[in-house]
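Below you'll find the structure, written out as structure tokens, and then a few comments.
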Amino acid sequence: MSETDLGRKWDRCMADAVVKLGTGFGLGIVFSLTFFKRRMWPIAFGTGMGLGMAYSNCQNDFQAPYLLHGKYVKEQ
Amino acid sequence: MVTRAWPLMRFLIKGSVAGGAVYLVYDQELLGPSDKSEAALRKAEEIVPPAMYQFGQYVCQQTGLQMPQLPEPPKLNFPVREFWNSGIITVMSALSMAPTKACEYSKEGWEYLKEHAK
């Protein structure tokens, strides 16, 4: 794996972690306010789930170095 | 009639808010593969600052307040990866040279003490 590929993977991992953490946190807040009487545990649960999903994605990305990330271009 | 229907209405409102949040996450594929999350983050970076600026302008127009023109934040050009890599290389080379240097300095110190002890 070249230096630029490694850098790109790390960038993708960081962006993914930020998005998933924020999404888990946000969903946790929504559920805490709507159904769980403003308790802390849905927020902690959602944040933890998001972080775990991001970690799992990063792990798969780094352990499968020969998978290429491509874009699907629709036929015009 | 209203007091009896109010708990049901409250549940429906809460359910629709929570369901809407879940649907938004599913539709934008925020919890999906890392490519989609990265694309969503880039889209948000493009959309959010102009939207915030336009909202600020709208609030200023409606309230008649003048928003002060804040200076632009400084653009930091800090290449973390390069500093980290050069730091690791420096630390490792220092560790590999440490025994040799320790021998040299202890020899010099011993010679110095022997000369001064004469």
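Chain letters run A, B, ... following the sequence lines, proteins first, then strands; residues in each count from 1. This is a predicted model, so every value here is computed, not measured.
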**Prompt:** Do the ring planes of B:H116 and B:Y112 sit parallel (below 30°), tilted (30 to 60°) or perpendicular (above 60°)?
**Reply:** tilted

**Choice from B:L31, B:L41, B:V22, B:I13 maximising heavy atom contacts with chain A below 4.5 Å** = B:L31

**Asked** For the candidates B:A44, B:A18, B:G15, which exhibits the highest count of non-hydrogen atom pairs separated by less than 4.5 Å from chain A?
**Response** B:A18

**Fill in**
Okay, B:A21 and chain A: the region with an atom under 4.5 Å from a heavy atom over there is both

If I compare all heavy atoms of [X] with all of [Y], which pair ends up nearest, and what's the gap?
X     : Y     : value
B:L30 : B:A40 : CD2-CB, 3.6 Å
A:T34 : B:K14 : O-CD, 2.9 Å
B:S37 : B:G32 : OG-O, 4.2 Å

**Message:** For chain B, which candidate among A:A15, A:C58, A:A54, A:G22 shows the most heavy-atom pairs at distances under 4.5 Å?
**Reply:**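 Top count of heavy-atom pairs under 4.5 Å with chain B: A:A15.
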
